[in-house]
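Letters A, B, ... mirror the listed sequences (proteins, then strands); counts begin at 1. As a basis for the values below, the full set of heavy atoms in this structure was taken, side chains included, without hydrogen atoms, waters or symmetry mates.
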Amino acid sequence: MATYDYKKIDKKWQKNWIKSGVFEPEVDRSKKKFFITVPIPYPSGSMHLGHMYTWTRADIYARFMRMRGYNVLFPQGFHFTGGPIVGMAEKVKQKDPKTLEAFRIQGVSESDLKKFADDPRALAEYFADGFRKDWENIGMSIDWRRTFITTDLSPYFSKFVSWQFNKLKTLGLITEGKHPVVWCPKENTPLGDHDRSEGEGESPEKFSIVKFSSGKFIFPAATLRPETVYGATNMWINGEGEYCILNVDSEKWVVSKDSVPKLKSQLQNVSFEGDVKIKDFIGKSAKNPLNGRELPIFSESFIDTAIGTGIAMSVPMHAPMDFYGLRKMRDEWEKLKPERIIDVTGEENIVEDAIKRFGDSIDGLKEATKYVYKKEFNAGIMRNNSAELSGLAVKEARDTVRDSLEEHRAYSEMYELTGRVVCRDGTPGIVKVLEKQWFIRYSDAEWKTKTRRLIERMNIFPEDARLQLLNTLEWLEDKAAARKGGLGTPLPWDKDWIIEPLSDSTIYMAYYTIANKISKIAIEKLTDNVFDYIFLGRKIDGKPDKEIEETKKEFEYWYPLDMRVSAKELLQNHFIFFLLNHTAIFNEENWPRGIQINGWLTVSGEKLSKSKGATLTIKRGLETYGTDQLRILAAAGNGMDDVEWNPASISAFDQRFGLISDLIKNFDSFTGEKRLIDSYILSKMNRVIKETTENLRCFRYGNALSLMLFALTNEIKLYTDMGGNNKETVKTILFTFLKLNHPVFPHITEELNHVLGSTDMLETSVWPVPEESLSNEGAENEVEVLKATIEDIKNIIKIVKKSPEKIIIGVADSGKFEIYNSVVKAASSTKNIIEIRKTLRTNSKILDKLLKNPNKLPEKLLDERLEYGVFMEAKDYLNKTFNCGISIEKESKEEKALPGKPSIKII
RNA sequence: GCAGGGGUAGCGAAGCGGUCAAACGCGUAAGGCUUAGGACCUUAUGGCUUAGGCCUUCGAGGGUUCGAAUCCCUCCUCCUGCACCA
């Protein structure tokens with residue numbers, strides 16, 4: 001497009017903005033401030049259009065707020081914390097071909113690769129640098145003076161994080177404990193989803209262990225349903241399997257050999273004692289710890305020695321496999337007399353019915369088991385034969401029985417994976433219980449309540465996200481906050497541990513406010529007490545230095561954070577931690593005020609990830625398109641919807657801006673007077689301003705775009721088509737158009753504004769305000785009538801299949817308008833035709849027509865004089881459109897004309 | 001499994017109790033313009049209909065209502081998160 005030589009225009013205005021200093025705001029108490037951030041990026045690769053999507057959404061808002069008179073701060077740092085950067089550098093060192101290839105695609109030179117191999121920091125810095133360059137090339141309105149990196153590579157930031165953790169600890173929100181993780185026994189590391197070649201999404205699942213004693217031995221039955229213990233009739237082992245004796249806390253446990261590595265990694269004080277011939281136990285018995293019942297031990301082939309302990313308790317009336325197994329042993333069944341202990345309304349023989357339904361193959365029994373478990377867990381009530389559990393819902397009974405078993409010292413726990421997990425190196429994963437882990441106590445009820453209060457009052461866009469945050473808070477548990485490897489800040493009281501990335505990135509937004517001042521404070525002076533003074537307004541020891549006072553001023557002006565913008569995948573992790581940490585640490589007036597959650601930029605329906613995005617980098621994008629052309633994508637989405645990368649939609653940009661620049665080119669040719677159509681378009685414009693502003697305010701960019709870009713240009717076109725020709729009107733419309741579109745398309749609008757003769761930049765101009773005096777509903781309604789009439793004429797011509805010689809349009813007379821408008825008024829309160837008739841108390845053919853269909857009652861007030869005027873004004877336009885004579889009459893003879901629906905006669 | 005959000009024309013989507021055959025955009029087709037292509041302009045894009053009309057649709061099935069894409073229930077299906085991972 002000739003009008004958008006983006007290579008030139010982008011650079012030109014980026015320079016001008018920087019020169020003006022608008023991106024580097026200073027503390028100014030006379031101006032309202034607005035502080036907006038996007039989560040800190042992890043620089044392990046090049047930034048792609050997906051990143052641009054989210055950042056652009058924030059940038060649009062920053063520019064929008066700037067024009068609305070706010071002092072806007074939009075800073076950006078880099079997150080070096082975590083494992084992957086180190087891991088990738090290690091892979092470069094080992095010359096892993098896949099990693100090298102990926103970097104080369106992104107344009108990394110051989111000499112840089114060498115640096116990466118020597119120092120992970122070089123890798124992070126390389127990409128952080130690239131990120132910043134990309135962002136400068138697309139004119140992001142970021143204050144780069146406040147950039148920083150995390151981890152102890154940045155001592156000031158590290159001090160800040162140490163302060164945060166000391167604070168949490170003082171508040172009693174840090175605890176030490178154990179934690180189950182999926183583990184690779186070969187590499188001796190936790191197996192995250194990305195480290196797995198199989199079993200993504202599988203997690204540890206807690207099994208209860210009920211200890212049944214048999215002489216000097218313990219038979220530890222692993223079960224997901226400890227509440228069924230009162231219904232147990234017997235024990236199962238697999239007579240063909242290998243078993244052994246394990247010494248657990250001085251008890252002799254009989255367990256399958258398969259379970260030994262698991263139990264060793266999960267329980268304390270476990271040692272191997274020796275093999276055992278399991279067959280010897282068949283026919284013996286073990287004692288139910290709660291009711292003392294002796295349960296016979298049977299062998300059953302479906303007992304899988306690889307699951308749990310290889311020992312199971314049998315509850316035939318509530319477990320299809322147990323039912324099936326014991327039913328085969330007729331005599332035993334009679335002797336043991338299994339009883340139901342759980343009631344589910346409408347289910348008399350739930351297990352038997354389930355087996356009938358799913359079949360008695362292994363798979364069928366498994367399906368039946370799933371069905372019964374789910375049904376009974378959600379709807380089951382314990383019957384009165386379950387001692388202290390009687391009458392409880394199954395959900396409650398599960399916790400109660402654990403307590404009872406604990407009391408009888410008959411309870412333990414183990415974890416089992418929910419499915420098979422295999423490490424990238426081929427080793428099957430196991431569950432390991434990590435001891436002495438440091439946790440942040442996100443489960444704390446009081447803390448949650450406080451945070452809930454915040455979520456309830458915050459500005460959240462879209463609104464759906466609020467409920468999701470509240471629900472996440474409900475189930476949130478303690479989070480392990482430190483680990484042994486990777487980059488980061490050491491835990492201040494236990495330096496062996498590094499604070500983990502999701503935990504050191506919860507309140508750093510506060511650090512932006514002071515990032516450009518804090519380095520002036522001598523690092524040794526930066527104590528927790530100083531941070532308390534700066535961030536919390538606490539008393540400081542001695543008289544604070546000037547540097548400290550200045551730092552404090554920055555924080556006090558810019559905080560709290562007004563808006564945080566991010567994609568939806570961070571909603572249930574980062575965002576919730578961010579909110580919790582703020583409510584714990586900061587004074588209430590400094591809690592965050594707003595968040596925006598967006599969807600993703602997708603390619604053929606798939607999210608752009610670092611690997612998939614390699615070909616859609618910002619750099620590549622800019623080879624073909626201008627910044628503003630790419631920015632239209634960021635404006636395409638509303639709420640959490642994903643937006644598909646579709647270069648074709650960029651043509652819409654070209655088309656609309658082409659139209660506007662043509663208009664500017666022909667600006668001098670507008671010489672006419674103001675007419676009805678002028679009132680119409682100014683009224684429409686007024687409406688567009690109002691609605692666009694509201695949509696932008698709520699991050700509904702898609703809606704804003706369809707108004708300010710599409711609807712407005714359509715109206716402009718209608719205006720000129722209809723012979724609109726007034727310079728003042730056109731000028732007003734053009735400037736409004738450019739201002740409204742500036743936040744989304746800053747470069748091109750700035751250029752066109754310049755071409756139009758403005759000497760001021762849009763970036764520093766004032767956002768348009770709707771003027772009530774311009775709104776003219778009558779004119780809008782009547783132009784709608786005109787449009788509808790044109791449609792009708794076309795329709796008729798199509799049906800008649802002849803080109804008209806003359807078209808006579810008859811506008812209804814004033815009497816009809818009176819009746820019509822009284823119907824409109826009446827219909828605004830009821831849709832009931834009989835009611836409307838009653839209130840009108842007149843009779844006429846017109847009324848009969850208007851009240852024919854309750855779904856098609858008239859709603860808009862109309863004006864006879866305006867209607868006639870609009871049609872008279874449009875005569876030339878109609879003449880051109882239909883290429884025939886046009887006659888506008890008041891009231892046709894046939895009396896067919898209705899207000900808002902003139903009669904049409906085609907000759 | 002738990003929590004949340006979706007399923008509307010060829011596609012992206014708007015509508016969230018009554019002017020919905022469905023805005024807006026993309027795509028497609030025909031015509032115009034052009035040496036040609038692109039861009040641009042016009043028109044069409046569920047079906048029927050020789051006068052502005054009618055009929056049928058909103059994942060599937062049921063219900064509430066004078067009236068449902070919109071509210072309720074059941075089912076199918078897709079997306080997101082579920083933590084030591086950034």
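Residue-level contact check: A:Thr81 touches the backbone only, with heavy atoms under 4.0 Å from sugar-phosphate atoms and none from bases.
Distances from the side chain of A:Asp464 to the nucleotides B:rG5, B:rU80, B:rC24 place B:rG5 closest. For A:Ser903, taking side-chain heavy atoms from C-beta onward, the closest of the listed nucleotides B:rA86, B:rG81, B:rG52 is B:rG52. The side chain of A:Gln468 approaches B:rG4 more closely than any other nucleotide in the set B:rG81, B:rG52, B:rG4. When the nucleotides B:rA51, B:rU80, B:rG5 are ranked by their closest atom to the side chain of A:Ile906, B:rA51 comes out on top. For A:Trp475, the listed nucleotide lying nearest its side chain is B:rG81; candidates were B:rA86, B:rC85, B:rG81.
Rounded to a whole Å, the CD1 atom of A:Ile809 is 14 Å from the C1' atom of B:rA51. Between A:Gln629 atom CD and B:rC26 atom C1' the separation is 16 Å, expressed in whole Å. Between the NZ atom of A:Lys717 and the P atom of B:rC41 there is a distance of 7 Å, given to the nearest Å. Residue A:Leu579 contributes atom CG, which lies 19 Å from atom P of B:rA83 at whole-angstrom precision. Spacing between atom NZ of A:Lys901 and atom C1' of B:rA51 amounts to 11 Å, rounded to whole angstrom units.
At a cut-off of 3.5 angstrom, the base of B:rA86 holds at least one donor-acceptor pair with the side chain of A:Asn573.
Mapping A:Asn471 and A:Ser706 onto RNA chain B by nearest heavy atom places A:Asn471 closer to the 5' end of the strand. Comparing A:Asp478 and A:Pro84 by the nucleotide of RNA chain B whose heavy atom lies nearest to each, the residue mapping closer to the 5' end is A:Asp478.
Ring geometry for A:Tyr442 against A:Trp447 counts as tilted: the plane angle lies between 30° and 60°, on a 0 to 90° scale.
Here the separation of B:rC16 from B:rC85, taken at their P atoms, is 46 Å to the nearest Å. A gap of 15 Å separates the C1' atoms of B:rG15 and B:rG6, to the nearest Å. When the P atom is compared between B:rA69 and B:rU56, the two are found 12 Å apart, to the nearest whole Å. Spacing between B:rC11 and B:rU45 at atom C1', rounded to whole Å, works out to 13 Å. Going from the P atom of B:rU70 to that of B:rA9 covers 15 Å, rounded to whole Å. Across the C1' atoms, B:rC20 and B:rC55 are found 15 Å apart, a figure rounded to whole Å. Rounded to a whole angstrom, the distance from the P atom of B:rA14 to that of B:rC24 is 15 Å. If you take atom C1' in B:rG62 and the same atom in B:rA68, they sit 14 Å apart, rounded to whole Å.
Looking only at atom types and distance, the side chain of A:Arg441 has no donor-acceptor partner in the side chain of A:Thr175 under 3.5 Å away. Under the 3.5 Å distance criterion, with hydrogens and angles disregarded, a donor-acceptor pair is assigned to the side chains of A:Asp478 and A:Ser443. Neither side chain, A:Asn781 nor A:Glu867, offers a donor N or O lying under 3.5 Å from an acceptor on the other.
Checked against a 6.0 Å centroid threshold, the rings of A:Phe78 and A:Tyr42 do not count as neighbours.
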